[in-house]
Amino acid sequence: MKLYGGARSRASIVQWYLEELAVPYEFVLLDMQAGAHLQPEFLAINPFGKVPAIVDEDLQLWESGAILLYLAQKYGQLTPLPLAIAAQWILFANATLVSGIFVESNRERELPRLMSPLNHLLEQHPFLLEDGFSVADVAVGSVLAYIPIMLKLDLSEYPAIVSYIERLSERPAFQRSIGGRS
């Protein structure tokens, strides 16, 4: 399997999950500044020229959420119900959480609306799925982990989220991926 990404890109989310699964892969670092993602070789994998993308045998797949779902189905041990719930969290992370936190015009309104219930859920369980750490935590945790790295927002009002970020950032696979780039 090949994982294509750029320095400080969403490919680190997929890399984190591959590390958690202990799936062998080759990381192909594209020089985004030089336009490697816009070259015909990569555009044949993702015609939009965005990372991450993977090539797994005959499959070419892009969009971090789609890749996470594919990997969870192929290598994870999720039955249909937990997989559906994990998909819910992945879509939440990639659509709702990202736009609520990283779109500055949304942040003031959305941050408390998103973080308060999430904080409450994390007070009940250490991870998003009751069975423990999963692909859902990779998706949501990666977004949350970027808050202190990129935005420097004060999250002290959400202690369960702060603990969750700390718990995730201590994972060896996180350190080999996102944590190694911060």
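Counting heavy-atom neighbours within 6.0 Å of Glu108 CD, excluding the residue itself, gives a total of 12 or less. Around the CD atom of Glu157, the shell of radius 6.0 Å holds no more than 12 heavy atoms that belong to other residues, nucleotides or ligands. Residue-environment remark: CE (Met1) exceeds the threshold of 12 foreign heavy atoms within 6.0 Å. For Glu63, the CD atom sits in a loose shell: 12 or fewer heavy atoms of surrounding residues, nucleotides or ligands are nearer than 6.0 Å.
Under the 4.5 Å side-chain heavy-atom criterion for Ile, Leu, Val, Met, Phe, Trp and Tyr, Trp62 and Phe27 are members of distinct hydrophobic clusters. Using a 4.5 Å cut-off between side-chain heavy atoms of Ile, Leu, Val, Met, Phe, Trp and Tyr, with links allowed through other members, Val135 and Ile178 fall into the same hydrophobic cluster. Val138 and Leu91 fall into different hydrophobic clusters, where Ile, Leu, Val, Met, Phe, Trp and Tyr residues are linked whenever their side-chain heavy atoms come under 4.5 Å apart, directly or through other members. Under the 4.5 Å side-chain contact rule for hydrophobic residues, Val103 and Val140 do not share a cluster. At a threshold of 4.5 Å between side-chain heavy atoms, the hydrophobic network of Ile, Leu, Val, Met, Phe, Trp and Tyr places Phe48 and Val98 in two separate groups.
Annotation for Glu123 and Ala160: closest pair CG-CB, 3.7 Å, computed over non-hydrogen atoms. Nearest heavy atom pair, residue Val51 against residue Gly6, reads CG2-N, 3.8 Å.
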Discussion item. Working note: Ile45 + Lys2, criterion side-chain contact (heavy atoms from CB on, under 4.5 Å); need CA distance, chi angles, decisive distance, verdict.
Written reply: CA-CA 11 Å; Ile45 297 166; Lys2 288 186 179 183; over 6 Å; no
Worksheet item: Can Ile85 and Leu128 be said to form a side-chain contact (heavy atoms from CB on, under 4.5 Å), step by step?
Response: CA-CA 9 Å; Ile85 295 169; Leu128 296 174; over 6 Å; no
Worksheet entry | side-chain contact (heavy atoms from CB on, under 4.5 Å) between Met115 and Leu144, worked out | CA-CA 10 Å; Met115 299 302 241; Leu144 295 174; 3.7 Å; yes
Discussion item. Working note: Val28 + Val55, criterion side-chain contact (heavy atoms from CB on, under 4.5 Å); need CA distance, chi angles, decisive distance, verdict.
Written reply: CA-CA 11 Å; Val28 180; Val55 174; over 6 Å; no
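Ring orientation note: the planes of Tyr4 and Phe42 are tilted relative to one another, at an angle of 30° to 60°.
Checking each of Leu68, Ile13, Val23 against Leu18 for a side chain to side chain contact (heavy atoms under 4.5 Å, CB included) leaves exactly one that passes, namely Val23. Just one of Trp89, Tyr164, Tyr17 meets the side chain to side chain contact (heavy atoms under 4.5 Å, CB included) condition when paired with Asp137; it is Tyr164.
Checked by atom type, the side-chain pair Asp56/Tyr70 shows a donor-acceptor distance below 3.5 Å.
Inter-residue side-chain proximity for Trp16 and Leu168 is flagged as met; some heavy-atom pair is nearer than 4.5 Å. Using a 4.5 Å cut-off on side-chain heavy atoms (C-beta onward), Ile161 and Ile147 make no contact.
The cationic group of Arg167 does not satisfy the cation-pi geometry with Phe133, failing either the under 6.0 Å distance to the six-membered ring centre or the 45° limit from the ring axis.
Taking CG from Asn119 and OG from Ser163, the interatomic distance works out to 8.5 Å, rounded to the nearest 0.5 Å.
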